[in-house]
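Report on the structure given below.
Proteins come first, then strands; the chains are lettered A, B, ... in the order of their sequence lines, and each starts at number 1. Just so it is clear, the values below take in all heavy atoms, side chains as well, and ignore hydrogens, waters and symmetry mates.
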Protein chains: 4
Amino acid sequence: MTAADPPAANRRPGRPRDAATEQAITRAARELLAEQGVGGLTMEQVAARAGVAKTTVYRRWPSKVELAVHAVAATFDTIDAGDRGSLAADMRAGIDEAARLLREPSTGGAYAALLAESARDPEGVGRAVRGSLSTRLHALVSQAVERAIGRGEIRPDMVDVDLLADVVVGAVLHRALATGEPDAAFVDALIDLLSDVAYARLLLAKRQATNPLRTQPG
Amino acid sequence: MTAADPPAANRRPGRPRDAATEQAITRAARELLAEQGVGGLTMEQVAARAGVAKTTVYRRWPSKVELAVHAVAATFDTIDAGDRGSLAADMRAGIDEAARLLREPSTGGAYAALLAESARDPEGVGRAVRGSLSTRLHALVSQAVERAIGRGEIRPDMVDVDLLADVVVGAVLHRALATGEPDAAFVDALIDLLSDVAYARLLLAKRQATNPLRTQPG
Amino acid sequence: MTAADPPAANRRPGRPRDAATEQAITRAARELLAEQGVGGLTMEQVAARAGVAKTTVYRRWPSKVELAVHAVAATFDTIDAGDRGSLAADMRAGIDEAARLLREPSTGGAYAALLAESARDPEGVGRAVRGSLSTRLHALVSQAVERAIGRGEIRPDMVDVDLLADVVVGAVLHRALATGEPDAAFVDALIDLLSDVAYARLLLAKRQATNPLRTQPG
Amino acid sequence: MTAADPPAANRRPGRPRDAATEQAITRAARELLAEQGVGGLTMEQVAARAGVAKTTVYRRWPSKVELAVHAVAATFDTIDAGDRGSLAADMRAGIDEAARLLREPSTGGAYAALLAESARDPEGVGRAVRGSLSTRLHALVSQAVERAIGRGEIRPDMVDVDLLADVVVGAVLHRALATGEPDAAFVDALIDLLSDVAYARLLLAKRQATNPLRTQPG
DNA sequence: CTCTAAACGAGACGGTACGTCGGGTCTTGTG
DNA sequence: CACAAGACCCGACGTACCGTCTCGTTTAGAG
């Protein structure tokens, strides 16, 4: 084997980056996002507020969008996705978390803006947004389902996790930005709806029957 | 005596606006939106392509955002919300329409961008977006439900129309922009999910029972 | 002879122009000129303040510059060029008048601006400016000289009226706009200078001599 | 020890300005001024012709007027104010220079336009115009006089330099823009006039007399 | 204890679009 | 015709960000 310290091997030459700088930028970005929304998140302002040169910001995040993704992701770090013991509890907790985050105009608006950017550049921005943001929102639902499967509460074939996640996240997002507040009543109603789905499927599975209301496409 | 002329009564003074101009702008805006997304929707470009002075555009739409709303709304004019005869058919048609529109990156992206703007200015932009866009997407679902109520297929108390609409539109939107394509399989799965809700509720109503899976909010 | 009223023969068909309108425009133009200088003299503002449509202004003065000429000329209508009885008194009065007019920043500035326009369009604007403005300023000097010649105070070959006028008007104008105030001391000094010219010429004429200080050009 | 480096001491931080850029702008401004007068001196055009972003122009000259001042001043850099050996020669040279510059419609017109602007903003524009332009035209006369005083040709109390300068510059300017060409004959006549002033004053000084034509202000 | 390589602050730079202002023309309906 | 009202084209204004660049100045480990 060659020399030594594999962890220190990737030590890059030159002056190392200042960790405080990174924090200052992140903090400034989050503050601006919260105060003025996506439109207020300008590289110029971020640099100024962080007390940092624009170059320094660009050295870390190659474009404004990526910084925005980072800033929103930082907000998502507050997500609590702990195990609540049951599917119902986990689902409620997950939906509550989603509503809490997206209800905030700056966060909800920023997420929507980044989704819009994703549409323009699915490979670049889209990949980043999905990887850092959408996935984490989806996880709020999918983790709950997976835990429930693990517990034996439901069977894997009974639920399309991806669909479920899109339904939950999409409904909360749209309610937050287009329709009104994703308040407690909304969350309750959404949970009831999902409960009814579960009820129907458990029943149908037990009876080995098919929902007669299901029609053929076309 | 000749008939009265009510249309000429509210004639505004001054040179009337040129209808052709209005069309040219709308058309240019839609084209640019389709070709290059929201980012490509520039007042400068719109005016140039429409063969019109920038002032003329601003005279009609006081800002870029309002023009964008108009352009997306114009795209929504292609929505076919005819009566298909049954709730199931209407729902499928409505979801298909939503998917068709939002699947288009320019339209879906633009809608998301405008939702983002709504978060920054709920009174101004938000009101316009809701009035011209969100409402029309919701109508795809709510009309279907209302027709079904009219037909006696379902009872009004069995469904929260607003929730349902947010679920459908939100799910389609999020799938389109964040997760993947809202393709036929997705639409089918979504319809199945809704069918199961209906099944559960019809059953529970007949039995005068309550879904035991429903829990109390915590 | 043909029909009637020769003075009314040039009666044009259609609705006659409103004299009050003309006055309102002139007044508005002068006010704006006085309040905000040439830069503040916009067709839009003039029309608005006169309570008149832009068309109406353009019907009378084909361009902004011509209106400006008219407005300054209207200010020049206050010139008092009465006979003071002697060359000295007339000259003093003329220079005082010039100083009074050009000292006013709006008038002096406007005159300078119109001279600038003249440089761009000597035939059109230039002709109008010369005809309505420069000539009248020159007259302040030339009338004095001509009266003096009439009285026999000086001989026509002793003075180049045009040069004299340019010297006086030019000096006052430049002092007003570039150097400082054309105050009483300045006017006095200018008169003294001209008096010395007259003294020299009278003396030289009497002696039938030539000023030895005059050198050959080149 | 090596010599000190005072020039490098006051080095400003950041990327230094490109000298070539500055020249390109100046050149473009002068060309446009010469070709199309003040009206043709557009920030947009200057930037385009200089192959430079508009921002770059604004970084140096905060407004169009200041750039115009600079452009005219650059034209004034061609002034030759060398010592010709005698008051007469220096005066002739100075007047010729003034005539040469102001005869050019673009330069004369621009100078007039800037004087007009000075009237609107005496502190800002006015200061710049006086400092960069008027002073330099005045110097054509005042330097000649001061040299003459140095040589003993005339005595300081015999001439009001400021008045003289305004007379010369003003007369040339007004002749150029309002009356006709400041051609050779005009320059000669102006010089003759000034020569006669000198003659009168020398004579009166020698005789210790007063010009009887001088009257008291009234 | 120098050498090297990168981080860093500062600010110039090219670019694109913004929304506004003003000039001058054209097009209505009404007096 | 005159007139009011206002649409329309055009060109320029000055500003705001974007992302890139070029400087001089640290700051660390490597030799």
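Rounded to whole angstrom, the span from the NZ atom of A:Lys64 across to the C1' atom of E:dA17 amounts to 13 Å. Atom CD1 of C:Ile25 is separated from atom C1' of F:dA2 by 11 Å (rounded to the nearest Å). One atom, CD of B:Gln23, and another, C1' of F:dC8, lie 17 Å apart when rounded to the nearest Å. Rounded to whole Å, the distance from CD on A:Glu44 to P on E:dT16 is 18 Å. Going from atom CG of A:Leu67 over to atom C1' of F:dC18 covers 13 Å, rounded to whole Å. Between D:Arg12 atom CZ and F:dT22 atom C1' the separation is 14 Å, expressed in whole Å. Atom CD of B:Gln45 and atom C1' of E:dC18 are 14 Å apart (whole Å). Taking atom CE on D:Met43 and atom C1' on E:dC18, their separation rounds to 18 Å, with Å as the unit.
Minimum atom distance to the side chain of A:Thr56 is reached by E:dC8, of the listed E:dC18, E:dA12, E:dC8. Distance from the side chain of B:Thr42 is smallest to E:dC18 among E:dC18, F:dG14, E:dC8.
Here the closest heavy-atom approach between residue D:Arg17 and residue D:Arg12 is recorded as NE-NH2, 4.5 Å. The nearest pair of heavy atoms linking C:Ala128 to C:Val69 is O-CG1, 4.1 Å. Shortest non-hydrogen contact noted between C:Ala29 and C:Val46 is CA-CG2, 4.1 Å. Residues C:Ala119 and D:Pro105 come closest through the heavy atom pair CB-O, 3.6 Å. Residue D:Ala110 comes nearest to D:Val72 through the heavy atom pair CB-CG2, 3.6 Å, listed as atom of the first residue, atom of the second, then distance.
Nearest-nucleotide mapping onto DNA chain E: of B:Tyr58 and D:Gly51, the residue sitting toward the 5' end is D:Gly51. Where D:Arg15 and D:Thr55 meet DNA chain F, the nucleotide closest to each residue was compared, and D:Thr55 sits on the side nearer the 5' end. Comparing B:Ala53 and C:Asp18 by the nucleotide of DNA chain F that holds the closest heavy atom to each, the one mapping nearer the 5' end is C:Asp18. Residues D:Glu22 and D:Lys54 both approach DNA chain E. Their nearest nucleotides, taken by heavy-atom distance, put D:Glu22 toward the 5′ side.
OP1 or OP2 of E:dC8 sits under 4.0 Å from a side-chain N or O of A:Arg60. In terms of phosphate contacts, B:Arg59 brings a side-chain nitrogen or oxygen within less than 4.0 Å of OP1 or OP2 of F:dC8.
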